[in-house]
Amino acid sequence: MKFASSYEPGEYESDIYGAWEASGVFAPSTPTVPVDDDGDGVDDRSAVNTYSIVMPPPNANGNLHIGHGLTIAVEDSLIRYYRLRGKSTWYVPGADHAGFETWVVYERELEKHGHTRFEYSRDELYAKVWDFVAEQRGNMELQLRALGASCSWNDLTFALDENVIDRAYTTFEKMWNDGMVYRGEKLVNFCTKHQTAFADIEVEHKDEKGTLWDIAYTYDGGEIVVSTTRPETLFGDTAVAVNPEDTRYKDVIGTTVHLPLTDREIPVITDEHADPEYGTGAVKITPAHDFDDFEVGERHNLERIKVIAEDGTMINTPEKYLGLTTAECRKQVLKDLKEQGLLRGEKKITHSVAHCYKCGTVIEPMLKEQWFVDVKKLAAIAIEHLEANEIKFYPDSKQKILIDYLKNLKDWNISRQIPWGIAIPMFRKADTTATDEPDWIFDRRTHLKEIEVGGVKYTRDEDTFDTWFSSSHWPIVCTDWTEGNFNPYYPLNAMETAGDILFAWVARMIMIGLYVTGEVPFREVYLHGLVLDAHGKKMSKSKGNVINPMDLVTKYGSDAFRLGILRGRSAGMNQAFSENSVIAGRNLCNKLWNIARLVQSIVDEGGAEDDGSTYTTDNMGEDWICREINACLDQVEQCMQEYRFAEAVEVLYQTIWDKYADWFLESQKIFKNTDLLRKTLEVILVALHPFAPFVTETIWQNLSWTEGFIIIAEWPHRLKYDPISASEFDSLIGVVSEARATLQALPGTNNAKKYGLLYDKDSLVEDNKLLVRTLTKVPSINHLDGAPRGLRLALANHELYLDVPAYVVKAYRDALTEKILAVGRELDSLNARMLNPSYVNRAPAHLVKETKDQIQEKEKLISRLKNQLHLI
RNA sequence: GGAUCCUUAGCUCAGUUGGCUAGAGCGUACGAUUCACAUUCGUAAGGUCACAGGUUCGAGCCCUGUAGGAUCCACCA
């Protein structure tokens with residue numbers, strides 16, 4: 001006996017994975033460079049049946065979290081399914097440099113050792129982080145293997161690989177030449193702790209309690225009171241704005257007021273931005289430190305005075321306030337205003353405040369010169385292709401959400417002040433007197449700080465690209481797409497990722513993909529929601545409810561984890577997850593293991609035939625299981641096409657456990673059709689393989705007659721069977737179930753062993769005595785001799801009696817009465833339906849006929865039960 | 001303020017274009033046990049499908065509204 005009595009995943013999983021990896025089955029079966037055998041200049045593989053997915057790259061030096069676990073479960077199931085279906089599959093793994101994330105970790109490391117980033121040059125820092133990441137790398141890749149990801153490791157793409165950088169530069173250069181990249185001084189979201197800018201989507205807005213202060217700005221003969229939550233920025237005020245419709249201030253418009261604590265006069269202007277309903281209706285305008293004020297400033301040509309430096313301290317203020325932090329300055333300003341009698345009131349309010357998503361520091365809108373991508377054209381093209389339904393979304397509601405986002409997209413700030421990233425390939429003219437030369441030039445030599453072009457010296461921009469700029473090329477770089485060459489793996493068949501990066505990543509991949517290749521980067525997008533804890537709460541370190549996928553893999557096995565995380569999950573939904581579903585998965589693996597163990601032992605006993613490819617069905621249970629397996633395959637195929645993984649797993653679970661094991665294998669303890677057992681076991685193993693790769697492969701390797709790897713087996717064809725015979729087995733199941741239920745309901749225990757079964761004119765039971773006896777465990781089945789006796793089973797088309805003594809029948813009387821009433825209620829509702837002329841006339845004929853048949857059957861049943869009751 | 005999604009058994013969720021008595025896993029109760037599996041087998045209890053209308057022969061499903069929950073976007077001087 002090769003099979004242990006229970007399946008212990010830990011004993012097999014790493015060996016199985018190693019064997020797959022060594023055999024080369026993960027690599028696509030067709031080469032990825034163009035093939036032109038006949039020399040006609042056309043790639044000869046245009047008809048190749050391919051399926052490709054690229055992995056959203058996990059952080060190279062991090063650990064996988066539960067969301068990665070879900071990603072891999074989904075992607076790998078797809079890849080394995082299409083591999084079995086004969087496609088040349090390419091699953092490209094990736095590793096992200098995770099620019100900001102890694103940088104935060106590294107900077108903390110520096111601080112621990114008493115250093116700061118400002119002690120080093122950009123190049124030094126880059127080299128240091130590179131070493132740091134290299135040291136930490138590898139865990140993540142081992143964890144992907146533990147999850148069973150059947151990805152092509154030779155093609156692993158790291159976000160800072162030469163080809164990734166090269167591709168980003170090529171696109172940037174194209175954009176520069178197309179005039180889609182510009183350098184602009186704009187307000188950016190700035191974290192004063194990390195001293196870097198962020199894109200809008202990287203900022204977290206939180207509702208916070210704050211104070212709204214009223215401050216008087218005086219003028220000769222009066223004052224105008226403004227409301228602000230940020231009094232310390234008043235040094236940067238260059239105007240006070242009121243709404244043009246606001247009659248209260250019509251006399252002051254066009255004049256100037258005195259800016260408190262300074263000797264400056266600022267104008268009173270009118271602008272729609274001022275809301276007469278809010279506060280006093282007058283608002284101070286600080287173009288250098290507020291997004292709305294910036295726009296007001298643009299409209300009115302106001303000066304932008306920076307009063308907060310990048311380290312969060314005050315500049316360009318009266319001397320008293322210079323160098324204070326914003327918080328200190330606010331205190332001081334309020335104190336001074338109060339002393340001067342200019343503070344007119346304060347009120348507690350709740351407002352949303354932008355925070356750095358990593359350190360929680362309040363984001364400071366900061367005036368900076370940065371590189372921006374003009375997204376209008378990119379977005380317009382993307383919208384056009386999305387509206388043409390070139391990409392199918394799961395869930396489909398995301399398509400509209402994405403289009404709406406693209407319609408309102410603002411220009412994209414791609415500059416980051418973090419050394420750990422791809423250097424922006426732009427150089428600035430060092431000598432400002434050389435007026436004929438352009439200020440900025442594109443050049444790929446970013447390893448140099450300074451270059452000379454045409455006798456003019458240029459220095460490199462110190463900034464790096466926003467991570468999303470390079471990662472939006474992921475489908476392009478991972479598939480080695482090159483201009484002018486047919487690539488059978490681009491566009492990707494599917495892009496699977498977390499729903500919360502729809503805008504940050506998916507939107508940008510679509511825009512960049514179209515810009516670079518002219519084609520959408522993928523045909524379908526499957527977005528998964530958050531994996532919540534067992535009570536539907538978000539997982540977070542502070543709540544302590546984080547589930548580590550690797551712990552579950554260690555405890556229950558990789559397959560159990562995969563089955564568990566897919567269960568009860570649908571596209572785009574945030575759904576709870578608990579260990580229970582993983583346990584259910586573990587149990588299925590063990591069940592399958594024991595199914596294989598039983599089948600192998602029957603095959604061993606029966607002496608293996610030389611060829612298992614042919615089989616016959618010799619009895620109704622065999623026809624029935626073939627029918628059920630075919631139906632299961634139909635459903636699995638349908639589900640895979642529609643990304644309904646949970647349902648696919650559910651169907652397989654039911655078929656394997658409730659049908660194959662509980663009915664078919666039980667019946668095979670009598671019949672033992674070894675050819676069919678082998679065939680059907682192979683089919684269910686292959687069908688389950690995409691979801692539970694390890695246990696199915698382990699079994700495959702242990703079975704005496706199978707060859708090769710199941711991972712590259714052929715997806716099963718439909719089984720041949722006799723449908724009439726199969727449906728007879730349905731009747732038999734009905735008989736057995738009713739007998740079991742009745743026996744259970746009788747008073748006393750162990751009834752199945754006590755009472756025999758009697759039949760009259762029932763060929764189904766007569767012909768299958770042994771089978772019925774085995775399934776019900778009754779001690780005997782005999783033909784009724786003489787008058788009916790015992791307890792008649794509640795089956796319309798069978799005359800069957802449990803041979804129980806009269807006193808037991810009497811004890812069953814109440815249950816019988818209840819049963820008659822229940823059937824009566826069903827009969828009533830059926831009759832009511834038939835009495836409705838609209839139903840009879842309008843409903844489809846087959847439904848009406850069905851109802852008629854059912855009425856007949858219920859009537860038959862009810863009269864027999866009543867007869868039984870009468871006898872008692 | 002705008003948008004999207006959700007509300008079905010004690011818990012977590014299925015329920016594909018409307019069709020008969022609404023399903024599963026876990027949990028619960030009762031029973032079984034040499035003979036593949038206690039990670040097992042059998043049986044059962046448990047649901048006004050959030051609420052109110054409407055369309056239809058027929059609604060968990062379609063339409064309108066209400067309530068509750070989640071997420072996203074925008075704004076908040």
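Every value quoted in this text rests on a predicted model; they were computed, and no experiment measured them. Letters A, B, ... are given to chains in the order of the sequence lines, protein chains preceding strands, and every chain is numbered from 1. All values below were derived from every heavy atom in this structure, side-chain atoms included, with hydrogens, water molecules and symmetry-related copies excluded.
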State which of [options] makes the closest approach to the side chain of [X].
X	options	answer
A/Arg597	B/A36, B/U12, B/G15	B/A36
A/Ala576	B/U12, B/C26, B/A36	B/U12
A/Ser397	B/G15, B/U21, B/C5	B/C5
A/Arg740	B/U43, B/G25, B/A36	B/U43

Suppose we define a pair by two distances each less than 3.5 Å, Watson-Crick or G-U wobble; what does [N] pair with here?
N	value
B/G31	B/C41
B/G23	B/C13
B/C49	none
B/G1	B/C73
B/G58	none
B/G18	none
B/U7	B/A67

Looking at the base of B/U16, is there any donor atom on it, or on the side chain of A/Arg644, that sits under 3.5 Å from an acceptor on the other one?
yes

Can you tell me whether the side chain of A/Gln744 and the base of B/A32 have a donor-acceptor pair closer than 3.5 Å?
no

Do NZ/NE/NH1/NH2 and the carboxylate oxygens of A/Arg304 and A/Glu298 come within less than 4.0 Å?
yes

Short side-chain donor-acceptor distance under 3.5 Å, [Y] and [X]:
X	Y	value
A/Glu637	A/Gln641	no
A/Glu628	A/Thr655	no
A/Arg833	A/Asn836	no

Quick one: label [X] by what it contacts on the DNA or RNA (base, sugar-phosphate, nothing), any heavy atom closer than 4.0 Å.
X	value
A/Leu847	base
A/Lys753	sugar-phosphate
A/Ala534	sugar-phosphate
A/Pro837	nothing
A/Asp275	base
A/Gln668	nothing
A/Gln575	sugar-phosphate
A/Glu208	nothing
A/Trp657	sugar-phosphate
A/Ser570	sugar-phosphate

